[in-house]
Structure formats: C-alpha cells, structure tokens
A.B. asks: 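Quick one: the structure is below, and I'll ask about it shortly.
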Amino acid sequence: MAVHIIKSSGLPERFDIQKLIESLMRSGAPSDVARDIAEKVEGEVTPSMRTKAIFRLARRHLKQYNSASGMKYSLKKALYSLGPSGYPFEKYTAGILKAHGYSVEVEKIMDGHCVKHEVDVLASKDDEHYVIECKYHNSGGNATDVKVALYVHARFVDIRKACEEMAGHGEFVHRGWLVTNTRCTSDALRYAECVGLKVTSWRYPDGESLERMIEEKRLYPVTILPSATRKPLETLIARDFILVKDIAEMDEETFVVQSGLDPDTARAVKRQADDLCPCG
C-alpha cells in the first residue's frame, strides 16, 4: 500500500524510494549502500510524515556509512541556513560562478534608463555579460514565483537600455539571470524561457542546476559543516569564509588565526572541511 508523505510546501505526495536512492547517490553513496539505506528508511516512514523527518532519518543512516556523505546530504538545508539576510547567498553565488570560470563583481551599482540599480552579481564569461539577481529563501516551502522572474527581467531591460544609449557599450549587458536556492514555479520558468531570462535553481536546468554546479566542483557552503554553529558561522561569513573549499585549501594554523574562532572550534571546522573537500 502506498504511503503518502508531506512535502515542505505542505502538499502530500507518495513516498518514492527511487527518489530517495537517487538523492543518496548524489551525496556520494554507492548504489548498493544507497539502496540499503533507502530500504531502512522506508521501513521507518509513517503516513503523513514530513520530508524533513525523512531527511533526518536518511542522514542519520548515511553518517554511519561516511561522515562526508552525510554532510553532502545536508546541502539543501545548508543553503537555507545562509541567511537571515540574502547577502551571504549573493557572495556564495559569486564564489560558485568564479569557480566555474566567470569574472564576478558583487553589489555593483548600475545606471538604468529609468533608475539606478544595485545588482547582486555582475558576471561575465566568453564575452557574455550577465546581470544576476539572487533570490534567497530560508525554507523549501517558498518556491520562487513568476513575480520574481518579472522583476528580474524588468531590471535587466532597464539596465540594458541604458547601456545601449552609451556610445561603445551597446552590447555590454547581454542577459538577465535569476539564481535561487529553491525550485521555481512552472509559470516562472515558462516566463523566463519566453523572454530569454537565464535561470539557475534547485534541480533546474538539467545538467546545470544549482546543486549540480555545487557538487561538480565541491563548492559547499560553510553552513554544511556540523561544527559551524550559529555564532561561528556569523564570524566565518563576516570574514568572507563562504566556501568549505577555501578552508580546506588553507593550512590549519593559518586558518586558526584568520578565522576569528577559538582554536578548538577552528580546528574542528578545519577537520570537517578537509573531510568534505580532501583535494583541498
């Protein structure tokens, strides 16, 4: 008999063990381990259980297999923890794009035809220039809707028109880009496709989604580290430690000094960063 669970949006859906297996495999668990964990979780799922509770069950089993895989499985939650303001997510987005070969500027003031705009991220690559708006949500129940897509595209159009009016800069801004840590509604995606707005969100687009860009180069946020609790996180983000990879690439004593954390916490954070990004 099918068991129905409750998604973060509050809507019911049928529990799908294959989706759980695929999620575990994306975290680095081999297929046989992922199936074994998913079957254990399936035996613990009850009707109307929330996906958060299922996530916690899966993560607990996954940590018993491998601590780094357990941390990776926390990625979605870690993205929600980048708040409360959207600024850390803007810096994190800039870090992801930079690692993927883009030149980036954060919080750039640009003239529009009608008004000035504070652009979250201005990025360029292969002679293409993008005006990027980062839409951060602190929970998965808030999908990015069409109003956001309309707003992002309108800002881009105003900036592009101003660029076209400047001699020698007619093609300086080529495309608007919306980056969000949640899913987008179908209307938002339909509108974006219609007007040529680039979108990067959770699970979209295929092959170039936000989590794919993160996992491809191990660009995990510091919020994924268990030792980085609220106060240490505030300190790390204030000192521009946004990517776990940046911590893994430093030697321990340098990080202890530059992190602003007490030595014991700094060393715990460093060990977990090294586990998650061993190539550092």
Side-chain angles (χ1 to χ4, degrees), residues 1-82 89 92 96 135-146 178-190 192-193 199-221 223-224 226 244 276:
M1 181 178 177
V3 175
H4 284 79
I5 59 176
I6 306 299
K7 301 197 299 182
S8 56
S9 63
L11 297 174
E13 74 171 0
R14 180 181 168 187
F15 174 73
D16 186 342
I17 190 172
Q18 189 58 40
K19 286 175 64 175
L20 180 57
I21 291 169
E22 292 169 0
S23 175
L24 290 161
M25 288 176 64
R26 284 196 299 272
S27 299
S31 59
D32 57 336
V33 173
R35 178 165 290 280
D36 182 57
I37 291 173
E39 288 175 351
K40 289 178 181 177
V41 171
E42 183 180 35
E44 300 174 67
V45 171
T46 57
S48 298
M49 180 178 279
R50 292 193 169 270
T51 51
K52 281 185 179 180
I54 296 171
F55 163 81
R56 284 195 294 269
L57 287 174
R59 185 175 60 180
R60 187 182 69 214
H61 289 298
L62 191 58
K63 280 184 176 179
Q64 294 172 358
Y65 161 71
N66 178 284
S67 62
S69 293
M71 281 189 280
K72 289 179 185 178
Y73 199 65
S74 303
L75 177 58
K76 185 184 288 190
K77 180 181 177 183
L79 294 178
Y80 297 150
S81 300
L82 277 168
F89 183 62
Y92 179 57
I96 291 172
K135 184 62 177 175
Y136 162 78
H137 296 280
N138 61 11
S139 72
N142 299 314
T144 299
D145 62 23
V146 69
L178 167 62
V179 178
T180 181
N181 63 320
T182 61
R183 295 178 184 269
C184 290
T185 64
S186 57
D187 278 352
L189 294 177
R190 190 176 301 115
E193 183 177 347
V199 174
T200 299
S201 64
W202 192 259
R203 301 283 169 84
Y204 181 90
D206 288 341
E208 296 181 349
S209 61
L210 180 62
E211 72 271 28
R212 182 62 62 86
M213 292 181 74
I214 293 168
E215 291 168 350
E216 184 180 322
K217 295 182 179 290
R218 298 182 180 182
L219 302 172
Y220 304 108
T223 47
I224 205 169
V244 172
L276 194 54

A.B. asks: Looking at E193, I want to see if its CD is surrounded by more than 12 non-hydrogen atoms of other residues, nucleotides or ligands under 6.0 Å.
C.D. replies: no
A.B. asks: How far does CD1 of I21 sit from CD of E42, to the nearest 0.5 angstrom?
C.D. replies: 8.5 Å
A.B. asks: Return the set of residues passing side chain to side chain donor-acceptor pair (under 3.5 Å) with T200 (not counting sequence neighbours), or none when no residue passes.
C.D. replies: W177
A.B. asks: Pick one: which of N142, D145, T144, N181 meets side-chain contact (heavy atoms from CB on, under 4.5 Å) with K135?
C.D. replies: T144
A.B. asks: Taking the side chain as every heavy atom from C-beta outward, state whether V41 and L20 have any atom pair closer than 4.5 Å.
C.D. replies: yes
A.B. asks: Got a second to check how far T185's OG1 is from R190's CZ, nearest 0.5 Å?
C.D. replies: 8.5 Å
A.B. asks: Quick one: which residue pairs count as a salt bridge (charged side-chain N to carboxylate O under 4.0 Å, His left out) with a foot in residues 25-38, not counting sequence neighbours?
C.D. replies: D36-K40
A.B. asks: Please list all pairs meeting salt bridge (charged side-chain N to carboxylate O under 4.0 Å, His left out) that have one or both residues in residues 200-214, counting only residues at least two apart or in different chains.
C.D. replies: R203-E211
A.B. asks: Look up atom CD in E13 and atom CD1 in I6, then write down how far apart they are to the nearest 0.5 Å.
C.D. replies: 9.0 Å
A.B. asks: For residues R218 and L276, determine if any side-chain heavy atom of one lies less than 4.5 Å from a side-chain heavy atom of the other.
C.D. replies: no
A.B. asks: Who are the side chain to side chain contact (heavy atoms under 4.5 Å, CB included) partners of K76, not counting sequence neighbours?
C.D. replies: Y80, W202
A.B. asks: Let me check something: any side-chain donor-acceptor pairs from residues 44-59 under 3.5 Å, sequence neighbours excluded? List them with distances.
C.D. replies:
unit_1	atom_1	unit_2	atom_2	d
E44	OE1	R60	NH2	3.2
E44	OE2	H61	NE2	2.8
R59	NH1	S74	OG	3.2

A.B. asks: At their closest point, which heavy atom of L24 faces which heavy atom of A34, and how far apart are they?
C.D. replies: CD1-O, 3.4 Å
A.B. asks: With rounding to the nearest 0.5 angstrom, report the CG to CE distance, L210 to M213.
C.D. replies: 7.5 Å
A.B. asks: How about L62 and S27: do any of their side-chain heavy atoms sit closer than 4.5 Å?
C.D. replies: yes
A.B. asks: Restricting to side chain to side chain contact (heavy atoms under 4.5 Å, CB included), what partner residues turn up for A78, sequence neighbours left out?
C.D. replies: P221, T223, I224
A.B. asks: If you take all heavy atoms of T182 and S201, which pair is closest and at what distance?
C.D. replies: O-CB, 3.2 Å
A.B. asks: Would you call V179 and Y92 a side-chain contact if the rule is heavy atoms closer than 4.5 Å?
C.D. replies: no
